[in-house]
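One structure below.
One-based numbering along the sequence shown. Counting convention: from 1, in listed order, for ligands and their atoms alike.
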Amino acid sequence: MPFLTDMNRLPWCSTSARGQRLLPVCALLICALWAAGIRSQQPDASLLAITHGPYLQLPTSTSVTIVWHTNRPCVSRVEYWTSDSSHSAARAELARPSTGVMTAVSSEHGLIDNDRTSHVIRLTGLTAGTTYEYRVVSREFGGYEKQHIVKWGGTVSGDILSFTTLDEKKASYWFAVVSDIHENAKRLDAVLAPLDWKRTDFVVFDGDMVNDFMNLDQPFTGFVDVSVARFGRAIPFVYVRGNHDVRGRFARRLTDYFPTRDGHAYYSFDHGPVHFVVLDSGEDKVDAHEYYNGLVAFEPYRREQAKWLADDLRIAAARRARYRVVLSHIPPYDGTSRTGTAEEAFAIRQVRECWERPANAGGVDLWLSGHTHRYAHLAPAAGRNRYHLVIGAPDTLTRVDVSREKLTVTLTRETGQTLDVITVRAR
Ligand SMILES: [Fe+2]
């Protein structure tokens, strides 16, 4: 309280007789100001809020990751339960321990996260093809009063929502792909508008959703909030990193918004008759380019993924799937007859040189990319790609109808115009 030591300097706090009469009033005033100051430093529970999300990420048949953001650091949990009748009481019993309600938290080396405003919680041990209800809960963490005494604030809970896990046995479904939105939320909303969400099991954001990560609100205003409003609380999106996602001051914090499953941004998952492979194509120019200030190492990273891709396409799930689909932001071919600069062509060439051979050997049927901002379809061709390559543009929606008999890829413009329909049959 440094202002108390300066009390005598205040004209209305002199030590004259009149001043002495005023002293109690003055002291009260100062006490009130001091108390108000203390209150303003304490957490105001009424202001604690979930600011963005929740949204679902990294779906598999047995797990999903739920992400949301609060305006203050919190300790968070997800409460979830199956939505079948045997747990119908769970909804009513959330406030107290219930046999039907499970809880998941985020911890590292045994310590539960307590100082984060982005909350990333992975639910594991789920059952394939099962609908779960869930709600997110965050309790404000105001730090330590002393040693083991924590200053807790208020608690905020989300709505009761639901999601359904993926299922290798599912016979048919849709998934949708958009890319290169570059934070144009209005365009994303228009592109997604025609989708039938009852038939869409997940959405792929195929890179460059962020347009160089320079302030922490960009993902929210650019596409996350629109996605949450349209589908993201109940239907997961698969985040494939593009070259603009890995640029900017906060590029290294991208995982606070779009986490990895096991520390790698390249991974695979299965749904119905399809084995999906997500590849992380990185920047678009040579690592030594002056634009990167010596701060990137994507060339060895692509080679590392080439080995992993070859191995992944040999695993049992990949071999038994009727289709193998690769998702990468940068495509292995430009897809047009234009001659770009050598700088622009570099990453496309390295993607092709590193990943096409294992993709061909592993029986990849369809490869979905973005990056060039021009729609293209390359049918399988002797001596090069044995798969269909489909490159989406910023204003296109790629919808893939999956069945055991075929994959039907339909591309539409945001205007509603159908650009192309491509059929991929099982080999
Ligand atoms: Fe790109």
**OP:** Please determine if Glu79 and Arg77 form a salt bridge, counting it only when a charged side-chain N lies under 4.0 Å from a carboxylate O.
**Re:** yes

Original post:
Does the side chain of Thr124 come under 3.5 Å of the side chain of Ser63 through a donor N or O and an acceptor N or O?
Top reply: no

Original post:
Do the two ring centres, one from Phe213 and one from Tyr257, sit under 6.0 Å apart?
Top reply: yes

Subject >> By side chain to side chain donor-acceptor pair (under 3.5 Å) - contacts of Asn385 (at least two apart) >> reply: none

Original post:
Listed by chain and number, what are the side chain to side chain donor-acceptor pair (under 3.5 Å) partners of Arg302, not counting sequence neighbours?
Top reply: Gln350

Original post:
Listing residue and atom name, which protein N/O/S atoms are closer to the Fe ion (ligand 1) than 2.8 Å?
Top reply: Asp208 OD2, Asn243 OD1, His329 NE2, His371 ND1

Original post:
Residues two or more places apart in sequence or in another chain: which of them pass ring pair (Phe, Tyr, Trp, His ring centres under 6.0 Å) with Phe269?
Top reply: Phe202, Phe276

